[in-house]
**Student:** 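This is the structure I have questions about; it appears just below.
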Protein chains: 2
Amino acid sequence: MAGPSRWNEIMDVKTVCLGMLTDGPASGYDMKKCFESSFGHFFPAGYGSIYPALATLARNGMVEFENVLQSGKPDRKVYSITEKGRKELMKGLINPNATHRIRSEFLAVLWFAHLMNAEQIDEMIDRKLVEIDAFLQLIDEFPDCNSDSAPKGARFVAGFGRHMATQFREYIENNRALLVEDETIETGQRAAAR
Amino acid sequence: MAGPSRWNEIMDVKTVCLGMLTDGPASGYDMKKCFESSFGHFFPAGYGSIYPALATLARNGMVEFENVLQSGKPDRKVYSITEKGRKELMKGLINPNATHRIRSEFLAVLWFAHLMNAEQIDEMIDRKLVEIDAFLQLIDEFPDCNSDSAPKGARFVAGFGRHMATQFREYIENNRALLVEDETIETGQRAAAR
DNA sequence: TGCAGCATGTAATTTGTTACATGATTAA
DNA sequence: TTAATCATGTAACAAATTACATGCTGCA
């Protein structure tokens with residue numbers, strides 16, 4: 001096999017794009033909308049990753065595209081998955097050790113709550129709660145996850161998002177008082193105890 | 001200010017290292033252990049990010065270090081935070097829009113459950129459950145999060161990890177049946193309906 | 001008049017991961 | 001003797017984000 005370097009067998013932006021195309025042809029712009037809505041909260045991607053991903057997939061024969069002219073609007077490149085692409089997708093899907101990674105500035109900041117004052121902590125938490133509420137509202141509005149005709153995976157994942165966001169909210173509300181409690185700032189004390 | 005490019009005001013590996021040093025001097029190796037245990041699950045970092053981060057911090061006067069010779073063991077570079085570093089840390093800590101990002105191959109794969117067979121799904125989920133259980137056991141073993149003497153932030157964050165992992169587990173167990181249900185694979189149907 | 005939406009892409013930059021490189025000690 | 005722990009670092013690579021670049025239409 002003569003790929004550009006080594007061909008991936010993991011779930012990256014390329015593989016997700018491939019997967020989206022099993023639902024029918026779409027343009028990069030369409031996929032971006034999908035990443036913004038349903039996919040975005042657990043697998044974010046912007047134009048800067050989608051367009052190069054599509055270009056690579058096309059170079060390797062995983063997808064085909066058709067230039068669709070539109071009146072008054074820019075042309076669209078409408079991509080379709082090929083047989084080869086389908087096989088590649090299946091390889092990406094069989095991944096028993098699929099990761100689930102979190103990178104949270106929010107928690108990293110809160111870890112050092114004893115160095116901050118209550119107002120700073122409260123503001124950050126309040127904003128996070130607003131963010132969560134917006135997300136919960138958003139997730140209920142997507143028909144491609146919530147209707148009975150939606151694929152089982154989409155329903156499962158949307159439900160997961162709802163559940164985890166709800167629990168995120170609940171934990172914060174039930175425990176935020178702990179963070180603004182008075183606590184002696186004892187820099188270096190714990191280290192000295194070693 | 002004449003930084004190397006533009007100095008960060010976000011919570012990155014550098015800022016976290018700075019924060020860890022408020023608890024007392026430490027080496028890169030020490031910090032790695034901290035990233036592996038308490039920090040790792042919400043803010044992962046390896047040697048490849050820690051050592052360069054420390055080098056940059058030292059170049060910019062945010063930390064100082066002392067070479068500590070040891071008998072039989074390699075030398076340690078023991079870092080301490082400076083006054084300048086403390087100020088920089090506070091800037092990183094005041095970040096009302098701190099992010100909380102998830103990147104989940106696991107959910108991305110499951111989104112396409114209708115393209116997979118039940119065994120593949122089951123194996124992936126079973127492994128994930130084992131992973132979660134291992135994490136839950138791990139998090140209960142760290143005294144720097146669970147004892148009363150631990151800073152409030154650490155206790156809050158550890159509790160968060162415990163809560164979310166528990167809920168992760170619960171959702172999966174309660175809903176996994178949905179994923180292996182029979183479902184007609186209707187590729188392109190939903191697209192055609194548009 | 002100005003902004004939002006449609007639509008594509010490249011280039012620069014940032015950031016992190018993985019592999020490489022070294023080398024002594026200690027316990028199994 | 002083999003692996004693990006201690007301990008630091010660089011270089012190559014992969015990946016994603018951000019900014020840049022273009023340009024028309026329709027609405028307020």
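Because the structure is a prediction, the values reported are computed rather than measured. So that the names make sense, note that chain A is the first sequence line, chain B the second, and so on, each numbered from 1.
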**Student:** Counting heavy atoms not belonging to B/R101, are there more than 12 under 6.0 Å from its CZ?
**Tutor:**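 No, not enclosed.
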
**Student:** When you measure from the side chain of B/P74, which nucleotide among D/dC6, C/dA7, D/dG9 comes out closest?
**Tutor:**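 Of the candidates, D/dC6 comes closest.
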
**Student:** Within this structure, what is the CE-to-P distance between A/M11 and D/dA14, rounded to whole angstrom?
**Tutor:**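 Interatomic distance, CE of A/M11 to P of D/dA14: 20 Å.
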
**Student:** Using a heavy-atom cut-off of 4.0 Å across all strands, would you classify A/Y79 as base, sugar-phosphate, or nothing?
**Tutor:**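 Sugar-phosphate only.
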
**Student:** Heavy-atom nearest nucleotide on DNA chain D for A/G72 versus A/P44: which residue maps closer to 5'?
**Tutor:**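 Looking at the nearest nucleotide for each, A/P44 comes out on the 5' side.
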
**Student:** Just wondering, do B/D75 and B/Q70 contact through their side chains at under 4.5 Å, heavy atoms?
**Tutor:**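 Not touching, per the 4.5 Å side-chain cut-off.
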
**Student:** If I take atom CG in residue A/L69 and atom P in nucleotide C/dA7, what distance separates them, rounded to the nearest angstrom?
**Tutor:**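 After rounding, the reported distance stands at 12 Å.
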
**Student:** Could you state the atom-to-atom distance from OH of B/Y47 to P of D/dA11 in whole Å?
**Tutor:**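 B/Y47 atom OH is separated from D/dA11 atom P by 20 Å.
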
**Student:** Nearest whole Å is fine: how far is D/dT8 P from B/K77 NZ?
**Tutor:**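 Taking NZ of B/K77 and P of D/dT8, I get 9 Å after rounding.
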
**Student:** Rounded to the nearest angstrom, tell me the gap between atom CD in B/E105 and atom C1' in D/dA15.
**Tutor:**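 Nearest whole value for this atom pair: 13 Å.
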
**Student:** Ignoring backbone atoms, establish whether A/S49 has a side-chain N or O less than 4.0 Å from OP1 or OP2 of D/dT17.
**Tutor:**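 Checking A/S49 against D/dT17: at least one side-chain N or O falls below 4.0 Å of OP1 or OP2.
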
**Student:** Report the distance from atom OH of B/Y51 to atom P of D/dA11, rounded to the nearest whole Å.
**Tutor:**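 In whole Å, D/dA11 P lies 16 Å from B/Y51 OH.
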
**Student:** Would you say A/R103 reaches C/dT15's phosphate, i.e. side-chain N/O to OP1/OP2 under 4.0 Å?
**Tutor:**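 Checking A/R103 against C/dT15: no side-chain N or O falls below 4.0 Å of OP1 or OP2.
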
**Student:** How many Å lie between CG on A/L54 and P on D/dA15, as a whole number?
**Tutor:**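 The distance from CG of A/L54 to P of D/dA15 comes to 16 Å, rounded to the nearest Å.
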
**Student:** Would you check if there is a donor-acceptor pair between the side chains of A/H163 and B/Q167 at a distance under 3.5 Å?
**Tutor:**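 Note: B/Q167 and A/H163 side chains meet the donor-acceptor criterion.
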
**Student:** A/Q70 side chain N/O closer than 4.0 Å to the phosphate oxygens (OP1, OP2) of C/dA7?
**Tutor:**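 A/Q70 to C/dA7 OP1/OP2: side-chain N or O found under 4.0 Å.
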
**Student:** Look at B/K32 together with B/E36 and state whether they make a salt bridge at an N to O cut-off of under 4.0 Å.
**Tutor:**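 Counted as a salt bridge, because a side-chain N and a carboxylate O are separated by less than 4.0 Å.
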
**Student:** Tell me which of B/D75 and B/R101 sits closer to the 5' end of DNA chain D, going by the nucleotide each one is nearest to.
**Tutor:**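 Its nearest nucleotide being more 5', the pick is B/D75.
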
**Student:** Could you check how far NZ of A/K33 sits from C1' of C/dG5, rounded to whole Å?
**Tutor:**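 My rounded result for the distance is 10 Å.
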
**Student:** Is the Lys NZ or Arg CZ of A/R103 less than 6.0 Å from the centre of B/F43's six-membered ring, within 45° of the axis?
**Tutor:**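 A/R103 over B/F43 ring: yes.
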
